[in-house]
Participant: 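I have a structure I would like to understand better, so I am pasting it below and will then ask my questions one at a time.
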Amino acid sequence: MGVSAADDIDVRDISPMAWRLLRVAAGFGQREVEAEVDDIMQAHVSMLESDTRSLSEARLQELFDLYRAEITDEQLCVLVENF
C-alpha cells in the first residue's frame, strides 16, 4: 500500500469546520459517531465542531480513522485543505 497525502495530515491541525464536513461526508450523524467510538459522546463531537473544546490526540485520531474509512483519501485531503 502506498503513502497518501492523507497520511501526512496532523489531526491537531484540522479545523472545526473540516471536522464537521468530514463527519457528514463519511455519512455519520453526531449520535452515530457516539455509537461507533468508545468514550466519545455526541456533546464531544458538537464541541469539537463548534470550536468550543478539543479532544485528546488519541480521540481525534479515532475520529479521523473512522471518517477516513468511509471516504476517499482525495475527498479527505480536499476537505481538510480547503476548510
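Everything numeric in this text was worked out from a predicted model, so none of it was measured. Throughout, numbering of the chain's residues begins at 1 and tracks the sequence.
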Participant: First locate atom CG of L55, then atom CD of Q61, and finally report the distance between them rounded to the nearest 0.5 Å.
Facilitator: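 Those atoms lie 12.5 Å apart.
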Participant: Starting from V37, can I reach L21 by hopping between I/L/V/M/F/W/Y residues whose side chains sit under 4.5 Å apart?
Facilitator: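 In one cluster: yes.
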Participant: Kindly compute the distance separating NE2 (H44) from CG (D39), expressed to the nearest 0.5 Å.
Facilitator: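 Here the rounded value is 9.0 Å.
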Participant: To the nearest 0.5 Å, what is the distance between CD (E34) and OG (S46)?
Facilitator: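 It comes to 11.5 Å.
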Participant: About how many Å separate CD of E57 and CZ of R59, when rounded to the nearest 0.5 Å?
Facilitator: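 R59 atom CZ to E57 atom CD measures 13.5 Å (nearest 0.5 Å).
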Participant: Got W19 and V11 here, is their nearest side-chain heavy-atom distance under 4.5 Å?
Facilitator: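 With C-beta onward as the side chain, the pair touches.
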Participant: If we check salt bridge (Lys or Arg N to Asp or Glu O under 4.0 Å) with R23, which of these qualifies: E49, E36, E70?
Facilitator: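 Per the salt bridge (Lys or Arg N to Asp or Glu O under 4.0 Å) rule, the option paired with R23 is E49, out of E49, E36, E70.
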Participant: Is there a chain of hydrophobic side chains (I, L, V, M, F, W, Y, each step under 4.5 Å between heavy atoms) that links M47 to V45?
Facilitator: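 No, M47 does not connect to V45 through the hydrophobic network.
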Participant: Would you compute the distance between atom CD1 of I40 and atom CG of L48 and round it to the nearest 0.5 angstrom?
Facilitator: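 These two atoms lie 8.5 Å from each other.
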Participant: Show me the donor-acceptor pairs, under 3.5 Å and distance only, between side chains in residues 74-83 and residues at least two apart or in other chains.
Facilitator:
{"residue": "Q75", "atom": "OE1", "partner": "T72", "partner atom": "N", "Å": "2.8"}
{"residue": "Q75", "atom": "OE1", "partner": "T72", "partner atom": "OG1", "Å": "3.3"}
{"residue": "N82", "atom": "ND2", "partner": "V78", "partner atom": "O", "Å": "2.9"}

Participant: Tell me, with the steps shown, if Y67 and V33 meet side chain to side chain contact (heavy atoms under 4.5 Å, CB included).
Facilitator: CA-CA 9 Å; Y67 302 158; V33 172; 3.6 Å; yes
Participant: Is D51 salt-bridged to R20, cutoff N-O under 4.0 Å?
Facilitator: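 Result for this pair is no, no salt bridge flagged.
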Participant: Please round to the nearest 0.5 Å and tell me the distance separating atom CZ of R68 and atom CG of L63.
Facilitator: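 CG of L63 is found 14.5 Å from CZ of R68.
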Participant: Are V24 and I14 connected in a single hydrophobic cluster, I mean Ile/Leu/Val/Met/Phe/Trp/Tyr linked by side-chain heavy atoms less than 4.5 Å apart?
Facilitator: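 Looking at the clustering, V24 is in a separate group from I14.
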Participant: Going only through I, L, V, M, F, W and Y residues with side-chain contacts under 4.5 Å, is there a path from L60 to M17?
Facilitator: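 Same cluster: L60 reaches M17 through Ile, Leu, Val, Met, Phe, Trp or Tyr contacts under 4.5 Å.
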